[in-house]
Structure formats: C-alpha cells, structure tokens
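One structure below.
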Amino acid sequence: MILRTHTCGELRESHINQPVSLNGWVNSYRDHGGLIFIDLRDRYGLTQLVFDKEDGAAQAILDNADKLRSEDCIGVSGTVRKRIGGENPKLPTGKIELVVTALEVFNKTANPPFLPDDYSALPNEELRLTHRYLDLRRPSMQKILSTRHHVYKTTRNYFDENGFLEVETPVLYKSTPEGAREFLVPCRNVPGTFYALPQSPQLFKQILMMSGCDRYMQICRCFRDEDPRADRQPEFTQIDLEMSFVRREQVMQMMEGFVRRLWKEIFNYDVPPLQRMSYRDALEHYGIDRPDTRYDLRIKDISETAAKTDFKVFKDALAKGADRPAFNSKRGVVKALRVPGGADKLTRKVTDGYAEFVKKFGAGGVAVVKVIKGEDGGPKLDTGIAKFLEPIKADFMAATGAQIGDTVLFLADVYAIATKAAGELRQQVARDMGLVPKHGEAGASGTAMTTPTGPWNFLWVIDFPMFEKNKETGKWVAMHHPFTAPRDDQRDLFVNADVNDDDTIESILSAGYDIVLNGSEIAGGSVRIHDPAVQGKVFALLGLTPEQAKEKFSFLLEALSYGAPPHAGVAFGLDRLVMHLCGTDNIRDVIPFPKTQIGADLMTKAPSSATDKQLKELHVASTWVPEARAEGSGPRAEG
RNA sequence: GGGGCGGUAGCUCAAUUGGUUAGAGUACCGGACUGUCGAUCCGGUGGUUGCGGGUUCGAGUCCCGUCCGCCUCGCCA
C-alpha cells in the first residue's frame, strides 16, 4: 500500500522537488484527455494531482487515472512541483501540484447518493443521516468534529487545572421516574426488574461529594425519552460538575471561568463579566427564563394604566386573583410589548397571526395599537382598542414609552400565561422585525455552519423559585430538581413554611443558577441540600411520604446522614455549546450520529425488533400487535 | 397526543384551472479535448411522482388513510 508521507493540506512551495505520497478521496476531477487533474481531499485539505501524457512516468498510469471518480479512495506517489497553469489562491496548497508516478485505488466508490461538498445544495437531512459517513466527509462537518474535540480537550484541561477529578458513573442506573421519561433496560438476572439509563448522573455526583471527592467532573452521556427538538436529542452530552465546601458564588466563578476559557481558546474572544438577572426580572421584562438580550425589546407591566380603561378584556384579566401578591402566577396582569417602528413593518396580516400564535401558549389573543402621526402632528392611536386608550393616551404613552411609528402589543391574562405568551411573542416579533443578528456569514450551502461571529450575549439567571405547580396534577414539582437547596437566606422560611400555603411555597427562591447565551440555556446548576431536614421537607412538599422517599432515595438520605459536605454543582449542555461555537441552530449538526424525531438512527436502522430468544432471556414480552399494513409503507412494517 | 411544512430521475428542483409523451441543472455512462481548478463541448441512460385507497373521461395536482423527514405545542425533575 502507498502510505502517505504528508496530508492533503500540508504541501507548500518549500516541498518542491520532494518525493511525497498522499492518501485521500477524489474530490473532483478535470479530465482534458491526455492531461488529468484530480483534487485529492482528506480532512486537512485539498491537493491538486496531475497526470500528464507528456510526463513519462505519469503516462503509464493515465489509463487508470482517467477512470477515477469523486469519492474514490486512493493513494498516490510523485514529486511536488510548482504549478504550471497558475496558482489557485483559494487553496493553501494552491501554489504546488503533485506529479503522480504511482497510483493505487484503495476502494473504488459506487456512485454516491450525494457528494460531500459545501457549495452545492445539501441533500435532505434524511439522506444525510442515512449515509452519515458521506455527510461527515464534508469540510464543514469535519470542522464541527474538530471544534467538538477542541471543546472536550479544553474542558478537561480547565477542570484538571482547577483540581477536578474525572470520574465515571454508571450508565445502567436505578429508575427514579420523576422528571423526564426514562429509557428502561430489562435485567436478565432478576426477572421483572429494570435498570434505567440516567437522565443525568445527579445522585452519583452528590454521592461522590459525600465520598470525599471534593471536585468532580465528567463528560457524560445522558438520556431522556422525550420528543426531540431542533436543540434537543434523546441522547446528549453533558459536562457534569460538582464541588464540595462551596456556595453558589464559588461555582458561578468556576463556570464563568470555563466559558471565558472556551471562547478564548476557540475564538480568542474575551467574554466580559456576565451580568446577573433574577428569574423574576427575566420573566417581567423578557417573559422567559432564558432571555435573548441581543435585541432590546422589553415587556412592560402596564396593569396600573390598563385598569383606567373601560376595555373589558383588560378589566376581566385584572379582576383575576386581585387579592394575590404581586408576581403570583394566578394574579391578572396586562403586559405590553412596544415594537419600535412596528407600525409600518407589522402589517395587519402579521398582527392577526400573533393572535393565533399566542393561543398556543394559552392566551386568548393579542390587542394591537399603532401609534401614528395625527393631523395635529402629535401621536394618534390607531386600530383595534384605540378608542379605549385615547382617554388615557398620555398615561399610556408614558407607561409604554411608545413613539410615533411604533406598534404596541398587549396581553391580558393571569401572570403565568400573559408572561409566557408575551415572551414567546417578543421572540416572534424580533424575528419578524429582523432584530435577531445572523450568527456569522451564511454558508454557500444555505446552512449557518460557518465561523460564527457573535454577538455573544452571556447572562446569569439566578434566584429561581424552588417549586412550581404541575398544570395537570396540581401538585408541586421541583423547578430544577428535588435536591436543589433554597437560597441560604430562604432556608428558615422554607423549613417553617406550611406545605399548604401555596403563595408562600411559590415565593421561595432556590440557590440555582443558569447561564444563558443568546436566548439559549447552556448550563444550569444549583447548591444542593446537605441537610436531611431540608431534604425531608422537599420530599414532603413533592408529596412523597417518608416511606416512599426512603424506597426511592434511601442511599442518598443515608449518605446525607454520615457527614455530608455542603456541595453544589452544575451541568453544561455540551452539544449546545458546540452549536454556538459552530454557528448552527441544528443540534444534529454537532452530533456525529444523531437521531430523528422518533428517535431513529437512520444509518443503523435502530431501534429494531428483538428476537424471541432475546425477549425470553430478558423476561420481557411485547404487547405491540403490528396492525395489518399496506406493503412497503415504511420501516415500521419490518420485523 | 395536537398543529404546521415537505416527500416528483441517484441528488437539487420545476410541472399554469385536474388535461398531450412529467422537464431542467447536476451526478452517472459514452465520446472529444494538454493547464484546469465547481474545467469545457457533444451525445446518452435514468421516473410505480413515498405507500394504499377513492373521486374523475382523465390525478404529480383533488379527497381519505398511512409511512418517513423537518419545525412546533404538550413534554424535557
């Protein structure tokens, strides 16, 4: 076999007259009859090969060279020379070419379903996933693999330098069916029992703190059997951390340092100190717990002003839960979103669409008012609810800050719904108004997979509520997870709170913290409970009897009783970090072998059915009865 | 589980109100060509319009069902 002496991105003028060998794939061929050019590709770049009838040595292999096609895998030997036909400024190797004197075809390609280049239109994703090995050959995908590797390496370096131990935790784990749906693994040795795949190594890392580990990190795979999204996969990677003898401040410093290090390493970009925003402020002004602060649209609570109108929608909303404390989820509010310059850009058709849009989030609709120039040259309110607002125009203008040319959108409902709907609407409006910055230059392929340029709006969100009500069951659930501690100054309030006092329970803040980047949550963590009394109270609030708590978490409760250190931790979503660092908004781009929306791997055709023998050994029987299906109606009909 | 978009040649797409033999570019195959670089030029192969059913004189187009992919709500402690 012709073994390479160099890579395809390596040769320069300094190599002229040297004998070299290259291995790689035929990227393209230009056949002039007695003269053939091949661009040979490997992950490092492209090098032009020449086969020339007038070059004695090359003549002998010209017949073979003329059969070469894109994606053939070959090895060549020859001599480097300066290009005769002029340089190619697009290539780092563009000043030289390799005059080939020996050619070995390692593997002749079948006609590939698509060519892995970055300038022609991408084939549909189904095809890319089915032939992932071809898709991954594209330079942009190779770059993502490389960036991802760089993230692993920087992560291990940073945390190693800060005294963290990398420790592996089990993948076959105990089922604890709170939170996300789990993947179950039947146990052969104990009939009728199951492992679960971990949603995260949460309890193990806490146990590691109780084991004296002090500082733990792991780049670990996590599994959640929930429907995927553009930025979510059922199987994903977390940078998991836990620290002993710290409060939230120390963990936040450590996290911030990590982010700073990553962006410095990869972009030579200095992340400025992160602003901090409380959960309440995030919800008040952005309507979401992960605000995208790259654009300055703000939501305002104009309940006070709205109360002065005779508009029934406002009145009815404000009448709800009027006796409840401010910011209580059930108290009625009126939220306003001022859209500068919206009067022209947001057409009737668009704002009508918003009414439908917010219904997805439980809101009844959106009231719209445009601020236009009146006959007297002053502001005039136009459309919809203008007649209700005209009497309090001065108040309204002051409360919203509206100017001529603006559109103001209103949501009136209980706090939880109005806030969420306003937040979602804010993001939609930002897209419609063109306020969301492009994340780097768009690639010729139409995807965003190029070097991203920012802006990078990092943000801390802190002071989350400990608990929220599950809409279906009406029961309290932990907002982060049941091992999250209350903020230090909330501990006594929490321990002494009546579990039936909903308003107080809702008001208790946790010692949790998230890092948000451009509206995307990239990390989240909390100080953990190291006090059995606090942990017991949390379980009680979540409706677990002491017996149930013991059944599920006895190991944790026991460990907590044997000298548990104060500890805190965090997890970064590695896939999302890589998405930001690669400028893509598709998580499948940064996962080498991702799954589709039904959790299928189109390349290996997983999941697939098991044999009767396998099922019997595992003491498992399937209740699935395949329906009579039309032939050829798809993979589900197989097996 | 709900809503939306899509599926036509290997690939990317087109096909007027339901109307002639479903086209183009590219890839592939054959030929020409000695300085290209996303080579060029000439010729050619290539289609169960995802699958099943229905309406119709006639369906890529309309209707029903279904599969697959994407976006999204729910869900994601």
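By convention in this document, chain letters (A, B, ...) are assigned in the order of the sequence lines, proteins followed by strands, and residues within each chain are numbered from 1. Everything quoted here is computed from the prediction, not taken from an experiment.
In the set C76(B), C70(B), C68(B), C76(B) carries the atom at the smallest distance from any side-chain atom of Arg224(A). Here the nucleotide nearest the side chain of Gln597(A), chosen from C68(B), A77(B), C70(B), is C70(B). Listed nucleotides: C71(B), A39(B), G35(B). Nearest to the side chain of Arg30(A): A39(B). Nearest nucleotide to the side chain of Gln48(A), out of G38(B), G69(B), U36(B): U36(B). Distances were taken from every side-chain heavy atom of Leu35(A) (C-beta onward) to each of C76(B), U34(B), A77(B); the shortest belongs to U34(B). Residue Asn124(A) has its side chain nearest to U12(B) when only A77(B), C76(B), U12(B) are considered. Residue Ile598(A) places its side chain closer to C68(B) than to any other of C68(B), U36(B), C28(B). If you check C71(B), C70(B), A77(B) against the side chain of Ala230(A), the one that comes closest is C71(B). The nucleotide whose nearest atom lies closest to any side-chain atom of His481(A) is, among C37(B), A77(B), G35(B), A77(B). Candidate nucleotides C75(B), C37(B), C73(B) were compared by shortest atom distance to the side chain of Glu226(A), and C75(B) ranks first.
As judged by a 4.0 angstrom heavy-atom cut-off over every strand, Glu87(A) is placed among the base-contacting residues. Using a 4.0 Å heavy-atom cutoff across all strands shown, Leu46(A) reaches no nucleic acid atom at all. Nucleic acid contact for Thr484(A): none, since no nucleic acid atom lies under 4.0 Å from a heavy atom of the residue. Using a 4.0 Å heavy-atom cutoff across all strands shown, Asn88(A) reaches at least one base atom of the nucleic acid. Counting any heavy atom pair closer than 4.0 Å across all strands shown, Tyr29(A) reaches sugar-phosphate atoms only and no base atom. Nucleic acid contact class of Gly86(A) (heavy atoms, under 4.0 Å, all strands): base. At the heavy-atom level, Arg431(A) lies nowhere under 4.0 Å from the strands shown. Among the protein residues, Leu602(A) comes within range of the sugar-phosphate backbone only, with heavy atoms under 4.0 Å from sugar or phosphate atoms but none that close to a base.
Residue side chain Arg181(A) does not reach the base of G74(B) through any donor-acceptor N/O pair under 3.5 Å, judged by distance alone.
Rounded to an integer number of Å, the gap from CD of Glu54(A) to P of C33(B) is 14 Å. Straight-line distance from the CG atom of Asp31(A) to the P atom of C42(B): 17 Å, rounded to whole Å. Atom NZ in Lys53(A) sits about 16 Å away from atom C1' in U36(B), given to the nearest Å. Spacing between atom CD1 of Ile36(A) and atom P of C33(B) amounts to 13 Å, rounded to whole angstrom units.
The gap from the P atom of U21(B) to that of U66(B) amounts to 34 Å, rounded to the nearest Å. Rounded to whole Å, the C1' atom of G50(B) lies 40 Å from the corresponding atom of A77(B).
Note on ring orientation: taking the six-membered ring where Trp is involved, the planes of Tyr354(A) and Phe357(A) are perpendicular (angle over 60°, cut-offs 30° and 60°). Ring geometry for Phe223(A) against Phe183(A) counts as perpendicular: the plane angle is over 60°, on a 0 to 90° scale with 30° as the lower cut.
OP1 or OP2 of A39(B) has at least one side-chain nitrogen or oxygen of Ser28(A) nearer than 4.0 Å. Within the structure, every side-chain polar atom (N or O) of Lys360(A) is placed at least 4.0 Å from both OP1 and OP2 of G2(B). Within the 4.0 Å cut-off from OP1 or OP2 of G74(B), at least one side-chain nitrogen or oxygen of Lys420(A) is found. In terms of phosphate contacts, Arg229(A) brings no side-chain nitrogen or oxygen within less than 4.0 Å of OP1 or OP2 of C75(B). In terms of phosphate contacts, Arg128(A) brings no side-chain nitrogen or oxygen within less than 4.0 Å of OP1 or OP2 of C11(B). In this structure, Arg232(A) does not reach the C75(B) phosphate: none of its side-chain N or O atoms is under 4.0 Å from OP1 or OP2.
An aromatic stacking contact links Phe37(A) with the base of U36(B), defined here by ring centres under 5.5 Å apart and ring planes under 30° from parallel. For A39(B), the base is stacked against the aromatic ring of His32(A), per a cut-off of 5.5 Å between centres and 30° between planes.
A donor and an acceptor atom, one from each side chain of Arg528(A) and Ser526(A), are located under 3.5 Å apart. Side-chain contact annotation: His580(A) with Ser520(A), donor-acceptor N/O pair under 3.5 Å present. Side chains of Asp240(A) and Tyr216(A): a donor-acceptor N/O pair is present below 3.5 angstrom, by distance only. With no hydrogens or angles considered, no side-chain donor-acceptor pair links Gln238(A) and Ser200(A) at under 3.5 Å.
Here G6(B) sits opposite C68(B) as a Watson-Crick or G-U wobble pair (both hydrogen-bonding atom distances under 3.5 Å). Nucleotide G25(B) forms a pair with C11(B), judged by Watson-Crick or G-U wobble geometry with both contacts under 3.5 Å. Nucleotide U40(B) has A32(B) as its partner under the Watson-Crick or G-U criteria, with both atom distances under 3.5 Å.
With contacts defined as side-chain heavy-atom distances shorter than 4.5 Å, the pair His15(A)/His6(A) qualifies. Arg221(A) has its side chain out of reach of Val171(A): every pair of non-hydrogen atoms, C-beta onward, lies at least 4.5 Å apart.
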